[in-house]
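Keep in mind that the numbers below use all heavy atoms, side chains included, and drop hydrogens, waters and symmetry copies. Sequence lines set the chain letters: A, B, ... in the order given, protein chains first and strands last, and positions in each chain run from 1.
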Amino acid sequence: MNKIKTEFLGAKVSSPLVLPAGVMGMSFSGLNYCVENGIGVVTSKSLTLVERSGHNGPVIAEFEGGFINAMGLCNPGIVEGLAEINEFKQHSDTPVIVSVFATNTEDFIELTNYVNKSQGDFIELNLSCPNVFDEFGIPLAASKDKVAEIVRAVKEISTIPVIAKLSPNVYNISEIALVAEAAGADALCMINTVGPGMLIDKKMVKPILSNRTGGLSGPCIKPIALRLIHEVYSKVNIPIIGTGGVTNGDDAIEMIMAGSTLIGVGTAVYYRGIEVFDKINQEMIKFMDEENYASINDLPKLEKLK
Amino acid sequence: MDERYTLPIAKITKETEDINTYTFKHNLGAKPGQFIMLTDFEGGEKPFSISVCSETEFSVTIKRIGDFTTRLFKKNVGDLMSFRGAYGSSFFIHKKRVLLVGGGYAVPTFYFLAKTLIENGSEITLINGSRTKSEHVFADKFATLNIRTINTTDDGSFGEKGTSVDIADRLLEEEKFDFVYASGPEMMMKALQPVISDNKYEFLFERYMKCAIGICGNCTMDPLGIRLCVEGPVLPKEKVEQLSEFGKYHRKPSGSRVNF
Ligand SMILES: Cc1cc2nc3c(=O)[nH]c(=O)nc-3n(C[C@H](O)[C@H](O)[C@H](O)COP(=O)(O)OP(=O)(O)OC[C@H]3O[C@@H](n4cnc5c(N)ncnc54)[C@H](O)[C@@H]3O)c2cc1C
Ligand SMILES: Cc1cc2nc3c(=O)[nH]c(=O)nc-3n(C[C@H](O)[C@H](O)[C@H](O)COP(=O)(O)O)c2cc1C
Ligand code: FES
C-alpha cells in the first residue's frame, strides 16, 4: 500500500482516493465506513448555514452510463454537520474536506468562521451545484467575478487550505480556474455533476426526478472530466482533485495522467459496492507493478496544452 | 441497471381504516424483508416492505401517515404508480423452530416471510400485535397459512391483551426457539431485545431513505456507518448489538438527528 501513499497540501494521505461531497457524507459513521473500505480523504455533504431537507423524491435515476440526481443540498446545517465531522475525527485521523454551499459572499464568510472552529482539514467551496437552479439561479462558478470575490474573501479568513469546486457546465473553465487560483485557492476540485439532464417516464409522461432535472454523474462523464482537468492542469499551478465517473483503477490512472493529484470516487459506490475504494487501490497498484512505477507520484502526466 | 416499472394498481384491499394493500401484476423476484421505492411523480418516493410476492404479482401494505400515503389512499384500481427495487437485505431462512414477533403495519411483511419459511419446512409461531382491534392487520391472511398464531392487542379488544413483547416474554419462559424475527415499531424491538438476548435473531429497521441504492448516505446507522438500504433493512443480532442509535435517534431528510 506504500505505493499509493501521497501528499496533498501538506497532509499525508494513505490513498489518493477522495470521497466527494454528497456521497455517503451525511454522518460521521458514513464517512468512517468509507475509511474502513480504503478511502484516503473524505468530504462532508455540502453544508449550508440553515438545515435543508432537500428535494422531494425521486431524487436520483439511473440510465445506461450513469445517473442523474437532484438531492437539493439536503444537510443538517453547518453546526450539526461540523459536529458530525468532529465526531468522525475522534475515531480517525483521515483528512476531512468540509464542503460548504452558499449563494453570496457574506454567507460563505460566516460558514468559514464556523469551519475555522472545527476539526476539518480543508474547506471546499461548492460554487457549482446544478440542482438548485429554481431556488438560486445560475451556479456561482459560471461568473469569474463571483468566484474571485468569494475565494478571496474566504481565503482571507480561513485557517485551513481552501479548495474551489468547479462546474463543468461553463464554456471557459480554464479562465475560471485561473481566477480562483489568483484569488488564493489552494486547490481545485473538478468536476461537479454535468448538465443538468432529464429523464422521462413514458407511461405517466412525467419527468422522473421531482426537480425535473438533475446533474449527471458516473461513467458517462469521465471523458468530459478528463478533458476539462487536462485543460485546467495546463493553466494552473495548484493541485486538482480529479472527479467524475471514476469506477476502476484504469479510470483513476487516467485522472492522474490528465493532471489530478487526488481522485474523487462517488457514484462508483453503486456500481461496485462500498468495497470500491479498496478495489481501485489494488487495481492502481497492479497497474504500477506491471508498468514498473514505484510510487503513485511517479506516474507521468499528459503534456500540458500550449 | 436499476430498473423502474410503471404499472396500474391491479387491486386495492382495505385492511383497516388506515391500512391498505396495493397489488401490482409484476414478477418482482424479491426475497422476504426487501422493499420497493414507490412514487406517483407528484412529489415523494417512499420505501415499503413487500407483503406478498409470487411470480405473477406482489403487494405492499401501507399505513396512511403523511402527504404521500394520504395521496396514495385516494388512488383507484387502474391508476398508474411507478416503483423500483426490490432493494436491501432479506431475512435468513431458518429451517427449524422460529418465532416471529410483529407490530402494526410492519407485520404484513411477515406474511411473505412465513410463506417462504413454510416452503422450507420451518415450524412457525407468529405473534401478531397491534394497539387495538381496528388497527390489527392480516389476521385472516395468516389464518389461511395454518401456522400457530397468537393475535394480541394492547387493550385486549382483539386476541390476547398485552404487547407483542409481553407475549414473547411469556412464550420464551416455557419454550425454546432456534431463531427470532422482529418487525415493528423501533421501541417494540428495543423492548424485545433483552427478552431474546439468549436467542439468535434478526430485526427489520426503518430509516429515512432517498436514493435506496447506497450512495446518498441518508440511511447510515451509527456507529457502523452501514446503509440501511443496502446492508439493511434486515440486520442480524451481531449488527443490532453494536448500533448506538438503536431506540435512541434516527435522521431526518436533512440528516439532522431526532430522538425517538
Ligand atoms: C425499509 C422500510 C420499509 C417500510 N415498510 C413500510 C410498509 O410496509 N408499510 C408502511 O406503511 N410503511 C412502511 N415504511 C414507512 C413508510 O416509508 C412511511 O410511512 C412513508 O414514507 C410515509 O410517507 P408520507 O409522505 O405519507 O409521510 P411523511 O409525513 O412524509 O412521513 C411520516 C413519517 O414516515 C417516515 N418516512 C417518511 N418518508 C420516508 C422515507 N423516504 N423513508 C423512510 N421513512 C420515511 C418518517 O419517519 C416520517 O416521520 C417503511 C419504511 C422503510 C424505511
Ligand atoms: C447523490 C449525489 C450527491 C451529490 N452532492 C453533492 C454536494 O452536496 N456537493 C457537491 O459539491 N457535489 C455533490 N455531488 C457531486 C459529486 O461530489 C461529484 O462531483 C460528481 O458526482 C462526479 O463524480 P462521480 O461520477 O464519481 O460521482 C453529488 C453527487 C451525487 C451523485
Ligand atoms: S437511502 Fe441513500 S444510502 Fe440509503
Side-chain angles (χ1 to χ4, degrees), chain A residues 19 22-37 45 47-48 50-64 67 69 71-77 80-81 83-84 87-88 91 199 201-210 217 266-270 273-274, chain B residues 1-8 37-47 66-68 71 79-85 87 207-231 242-245 249-258:
Chain A
L19 183 76
V23 178
M24 286 295 288
M26 279 300 224
S27 60
F28 79 90
S29 63
L31 297 175
N32 201 41
Y33 195 37
C34 296
V35 171
E36 285 169 7
N37 283 283
K45 177 75 193 168
L47 302 172
T48 50
V50 183
E51 167 185 8
R52 291 174 57 93
S53 296
H55 295 313
N56 271 328
V59 285
I60 189 159
E62 193 183 4
F63 63 98
E64 274 175 56
F67 282 86
N69 94 79
M71 305 303 296
L73 288 170
C74 42
N75 78 92
E80 265 195 65
E84 295 281 345
E87 193 161 353
F88 169 79
H91 302 265
L199 293 167
D201 186 85
K202 296 178 292 297
K203 292 206 182 152
M204 288 174 84
V205 199
K206 296 261 191 190
I208 289 178
L209 298 189
S210 78
S217 68
T267 304
V269 170
Y270 165 76
I274 199 77
Chain B
M1 266 289 280
D2 183 43
E3 300 284 352
R4 170 177 288 289
Y5 299 92
T6 303
L7 292 174
M37 294 295 283
L38 188 67
T39 184
D40 58 357
F41 298 119
E42 300 293 336
E45 184 186 34
K46 305 282 175 173
D67 287 354
F68 179 82
R71 215 160 61 227
D79 286 352
L80 289 170
M81 293 293 293
S82 188
F83 59 87
R84 56 191 177 101
Y87 295 123
R207 282 296 178 271
Y208 203 95
M209 289 182 187
K210 292 189 167 182
C211 73
I213 53 170
I215 297 183
C216 74
N218 216 107
C219 70
T220 54
M221 290 189 83
D222 295 341
L224 301 177
I226 52 174
R227 301 152 295 175
L228 206 67
C229 66
V230 175
E231 285 83 14
Q242 295 179 60
L243 295 175
S244 53
E245 69 174 76
Y249 63 89
H250 57 104
R251 282 185 170 81
K252 291 194 284 185
S254 68
S256 168
R257 299 179 191 186
V258 262

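- Each of B:M37, B:R84, B:E231, B:E3 has some count of heavy-atom pairs under 4.5 Å with chain A, and the biggest count is that of B:E231.
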Working note: A:K45 + A:E84, criterion salt bridge (charged side-chain N to carboxylate O under 4.0 Å, His left out); need CA distance, chi angles, decisive distance, verdict.
CA-CA 11 Å; A:K45 177 75 193 168; A:E84 295 281 345; over 6 Å; no
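- When each of B:T39, B:D40, B:I213 is scored by its heavy-atom pairs under 4.5 Å with chain A, the top score falls to B:I213.
- Per-residue counts of heavy-atom pairs under 4.5 Å with chain B were compared for A:G25, A:S210, A:G81, A:G30; the largest is that of A:G30.
- Ranked by heavy-atom pairs under 4.5 Å with chain B, the first of A:N32, A:L31, A:V23 is A:V23.
- Among residues two or more places apart in sequence or in another chain, the side-chain hydrogen bond (donor to acceptor under 3.5 Å, both in side chains) test is passed with B:Y208 by B:K46.
- Listed options B:G43, B:C219, B:G44 were ranked by heavy-atom pairs under 4.5 angstrom with chain A; first place goes to B:G44.
- Across all their heavy atoms, B:F41 and B:T6 have their closest contact at CE1-OG1, 4.5 Å.
- Of the two parts of A:K203, the backbone and the side chain both hold a non-hydrogen atom closer than 4.5 Å to a non-hydrogen atom of chain B.
- With a threshold of 4.5 angstrom between heavy atoms, B:L80 approaches chain A through its backbone and through its side chain.
- Under the 3.5 Å distance criterion, the side-chain polar atoms of A:E80 are left unmatched by any main-chain donor or acceptor of B:S256.
- With respect to the salt-bridge test (charged N to carboxylate O, under 4.0 angstrom), the residues A:E62 and B:R4 do not qualify.
- Between chain A and the residues B:A212, B:P253, B:S82, the largest count of heavy-atom pairs under 4.5 Å involves B:P253.
- In this structure, the portions of A:I274 lying under 4.5 Å from any heavy atom of chain B include both its backbone and its side chain.
- Taking the six-membered ring where the residue is Trp, A:H91 and A:F28 present parallel rings, their angle staying beneath 30° rather than reaching 60°.
- Both the backbone and the side chain of A:E64 come within contact range of chain B, judged by heavy atoms closer than 4.5 Å.
- Of the atoms belonging to A:L209, not a single heavy atom falls under 4.5 Å from chain B.
- The greatest number of non-hydrogen atom pairs below 4.5 Å with chain A, out of B:K252, B:R251, B:M221, is found for B:R251.
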Test A:N56 against B:F68 for side chain to side chain contact (heavy atoms under 4.5 Å, CB included), laying out the working first.
CA-CA 10 Å; A:N56 271 328; B:F68 179 82; over 6 Å; no
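- In this structure, A:P76 and B:G255 approach most closely via the heavy-atom pair CB-C, 4.0 Å.
- Residue B:R257 touches chain A through both its backbone and its side chain, counting heavy-atom pairs closer than 4.5 Å.
- Applying the side-chain hydrogen bond (donor to acceptor under 3.5 Å, both in side chains) rule to A:N75 yields the partners A:T48; only residues at least two apart in sequence or on another chain are considered.
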